[in-house]
Participant: 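Sending over a structure as C-alpha cells; questions will come in a sec.
Chain letters run A, B, ... following the sequence lines, proteins first and then strands; every chain starts at 1. The figures that follow rest on heavy atoms only: side chains count, while hydrogens, waters and symmetry mates do not.
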Amino acid sequence: MTTTEIKHTQPNQAETNQQPRTVEVAVPLPLDTTFHYRVPEPLASRIQPGVRVFVPFGRRKVTAYVLRFSRPPEGQQLKDLLDVLDPEPLWTDAELTFFQWIADYYLHPLGEVLKTALPSGINLQSRSSADGEAVSGGKKIRHERIFSALSADAPAKLRGKGLDILAFLRQSGPVSSAELKTRFGECSPNLRRLVELGLVQTSDREVYRDPFAGLIVAKDSPKSLTLHQQQALTTILAAVDNKQFAPFLLHGITGSGKTEVYLQGIAHTLAAGNNALVLVPEISLTPQLVQRFRARFSDGIAVLHSALSDGERYDEWRRIRRGEVRIVIGARSAIFAPLERIGIIVVDEEHEASFKQSDGLRYNARDLALVRGQQEQATVLLGSATPLITTRFAAQQGKLGYLSLPERVANRPLPATSIINTRMTAESPLSPQLIEALSENLERGEQSLLFLNRRGFASWLVCPSCGADLQCPNCSVSLTYHRQRRKSLCHYCDYQVPAPCICPACGELELKEMGVGTERIEHELLERFPDARIARMDSDTTGGKGGHARILDKVGRGEVDILVGTQMIAKGHDFPGVTLVGVLQAEGSLYLPDFRATERTFQVLSQVIGRAGRGELAGRVLLQAMTPDHYGIAYAADHDFERFYQEELLFRQELNYPPYGFLAAIKLSATSEKSLTTAAEQSAAVLRAIKSRLGLRVEILGPAPAPLYRLRGRFRQQILLKDASRAALRRLLTAYRREQSLPATVRAAIDIDPVDLL
DNA sequence: AGCACGCCGACT
DNA sequence: GTCGGCGTGCTC
C-alpha cells in the first residue's frame, strides 16, 4: 500500500471516438522518423502523450515515447503496442515541444533527445526479442516500512521495550522503522510481536533517497546590497513581474556578489508563485554555491549532477515532476529537468565550456536556457565575470539586457597583479621574483596557489640536434610526455605512442625534455621548500569520488601552504587564506589550434587571478609569461574585460570570424579505419557538391587534416564546416542528410553559437 | 543502434 | 564445400 498520492498532471481525456486509436511515438535510436502504433483496447485508458510504451520494432521490442495521438497514416499496416510503462506522463506538452525544438536544432533524433532528457536510472528498458526476454533498466522506487498503533488494548503480559514502543507509537502516530531503530535500538522482534498481537499495523511508504541526508545548514537571510547590485536587482525583479521572456547578461567581476543577486531574484520569483532553475558548470566543484541556496531557501531544492547515484537522481527527478520542488540546481543536464512554471533561469559562469555536452546529443545548456526561457516566458540571467565574446556582443546589440557589477563588495581591492617577462630567463620554470614571493608568504604563514595549465611532468620531447618535436598526427599539437607511463600522448584525442628514446627524424640519441607540467613543479617546490606543505591538484591526483573535495578541504583547513594545479584550482572554491597566486606560462593556452584560444586564455587567467585576496588579507598575483604584451594576458592582468573584448572583436574581424563565430562538425564513425576513410572522402565530396549546387558560402575543413582517431572501439573523424550564416549551414546539413549516396555510418551534429536564437 | 540478408575470400 | 568478414537496407 502506498500512502503517497500520485498527482496526475493531465486529466485523462476520454475520447469517445470508437475507431481504433493510434499514437505517434519516437524511438531512442538514431532514426529521423517517428512511428505509429495501434493502441489495443485494454490499454486505451492508460495511454496519453508523454508516457513510455513498449512496442514491437522490427524483430525486437523497444521502449518508445508517445508524442501524440495520431491519424493513422494511409496504406500502412500498423502494429499494436504491447504495454504502457508509465501511470502518468513523463513530460508535459510544453516540454515535448522543447525537446522537439532541440531535435530539430541539433539535427538529432527526437527519441534520443528524450532518452537523454531522462534520468539514467529509468532510462531505457530495452528488452531483446530473444525468448529469454532480458529486461534491463527500470530503477526501483524505494519504500520504507511504517508502523502505527491500533486502538486494541494491550495485554497485561506485554512489558519492557515492546510496551515502550507501543506507548511511543500511540503518542506519535505513524513512524518509520528507521526512526524506531534510532530511538529504541534493534527492535524488529518486538515490532513483529506487536503486529502479531494486533496492536500495531504496518504499511509501506515511498521514500526519496536524499543526497543531503544528515547535512545541517545554518539559516541565512538576504544581505544588504551595493548600489550596483541594487540596480541590477531592480531590473531583474521588474522582468520577473512582467512574466515575459527577458534575457540578461549579469556581468560581475569576481567578488562583486552575483550570487546574492541570483538569490534575491529567485526569492522574488518564488514569492510570485513561479519556480527557479539554476545551472552551474560543475556542481561538484561548487558545493559552496549549493550551500548558500540551502541556507537561504532550506526546503524545496533539488540538486542534479553527475555525482548522484542513479537512484538519487531518479528520486530528485520524481520530486521535481510532482511539483514538490521550487528550485532546481544542477549541471548542464538540469536544463531538461521536468520543472513547471519556470519564472527564472540562472546560468552561472555562462562562459564555461562544461555547459557543452560533446557526445551523443551535442547540446549547450547555456543556449538551451535561452530557448527554454523563451518558451516559458521566463527571465534568464547569464552570469559571468568573463562573459563569452558572443554574449557580450549580443548585449551590445541589445539582444539581451546588460547588467554590470563593476565593483567588489565591501570595497575589497582587486589583487595587485604584475607580469614577469620570462622570455630571456627560461632556465627555471620558477622565476626569482616568484620564488621570493613564495618564501615571503611561507614566512608569514599565508597560502599560495600556483597555476599551470599543463599536467604531466615535461610537456614534450625535442631533439637537440634537428629540433624535431613529436606531434600528434591528428590534432597538430605537441604530444605531452608522461614520465611515469613512459609515453607521449595527445591530450586532445588520446593518440599515444611509447616515448621514443631516439629522435625519429635524425636518430639523435638523447632527446631533451621541454616545458614543464604540474608534476615537475611540485618536485621543484619540494626541493626548494622542503619544510612547506605542498599539494598538487590536477586530473592525475583527483581520480576517484571526492578527489577534488579531499584536496580542497585540506587547503580550506589551512593544511596546505602551496597548492599547485591546473584549471581546476581556478574554479569554484573560495580560499580566504590565499594571498598569493602565481601563474606559470600564462601564454600556455594561447596558441592552441582554436580560434577561441585567446578568449579562453583571458577567461582562465581572470579566474585564477580572482582567487587571490578573497578573505580579509589583500592578494597579489605574479604572472609569468613569455609574451607579456599579448592582449589576452595584459588585459587579464589589468582586470579589464572591456578592452579585451574590443580588441578581440577587432582580431576576429581581421580573421573574418564573426563575433559569434561557430563551427559545425559532421561526425563520421565506423568500425573499421578503411571504411571510415572512404566514407570521409565521399562525405566531403558530397558536401562540396551540395555547397556549389546551393551556392553557399561555407568553408569545408577536411577530411584530410581533420582528426582521425579511435574512441571506444570505433573510428571517428570529423569534417568541420565554417560559415557566418547559420541558415546556410543548416541548408547544407539538411541536404547532406538527404543525399542518397551517403554511407550509412555518417552522422551529423552541429556546434553553434546562439546569437541568432535571440 | 541492432538485426538479417547477401555476397565473396581462406579455412576445418 | 562452409565460416565469417562487412556492406546494405529496414524498422510503424
Participant: Tabulated below should be each protein N or O lying under 3.5 Å from an N or O of nucleotides 10-12 of chain C; please produce it.
Facilitator:
residue: C:dT11; atom: O3'; partner: A:Gly58; partner atom: N; Å: 2.9
residue: C:dC12; atom: OP1; partner: A:Tyr37; partner atom: OH; Å: 3.2
residue: C:dC12; atom: OP1; partner: A:Pro56; partner atom: O; Å: 3.2
residue: C:dC12; atom: OP1; partner: A:Gly58; partner atom: N; Å: 3.4
residue: C:dC12; atom: OP2; partner: A:Lys79; partner atom: NZ; Å: 2.4
residue: C:dC12; atom: O3'; partner: A:His36; partner atom: O; Å: 2.8
residue: C:dC12; atom: O3'; partner: A:Lys79; partner atom: N; Å: 2.8
residue: C:dC12; atom: O2; partner: A:His36; partner atom: N; Å: 2.8

Participant: Would you please name every residue forming a ring-ring contact (aromatic ring centres under 6.0 Å, His included) with A:Tyr37, sequence neighbours left out?
Facilitator: none
Participant: Output all residues satisfying ring-ring contact (aromatic ring centres under 6.0 Å, His included) with A:Phe35, sequence neighbours left out; order by chain, then residue number.
Facilitator: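 Applying ring-ring contact (aromatic ring centres under 6.0 Å, His included) to A:Phe35 gives A:Phe57.
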Participant: Suppose we screen for side chain to side chain contact (heavy atoms under 4.5 Å, CB included). Which residues come up paired with A:Ala64, at least two apart in sequence or across chains?
Facilitator: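 Once residues adjacent in sequence are excluded, the partners of A:Ala64 under the side chain to side chain contact (heavy atoms under 4.5 Å, CB included) criterion are A:Val25, A:Val27, A:Val53, A:Val55.
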Participant: List the residues meeting salt bridge (charged side-chain N to carboxylate O under 4.0 Å, His left out) with A:Glu95, not counting sequence neighbours, and say none if there are none.
Facilitator: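 A:Glu95: salt bridge (charged side-chain N to carboxylate O under 4.0 Å, His left out) contacts with A:Arg321, A:Arg372.
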Participant: Who pairs with A:Glu352 by side chain to side chain contact (heavy atoms under 4.5 Å, CB included), at least two apart in sequence or on another chain?
Facilitator: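 For A:Glu352 the side chain to side chain contact (heavy atoms under 4.5 Å, CB included) partners, ignoring immediate neighbours, are A:Pro281, A:Glu349, A:Ser354, A:Phe355, A:Lys571, A:Gln607.
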Participant: When the distance from NZ of A:Lys61 to P of B:dC3 is rounded to whole Å, what number comes out?
Facilitator: 13 Å
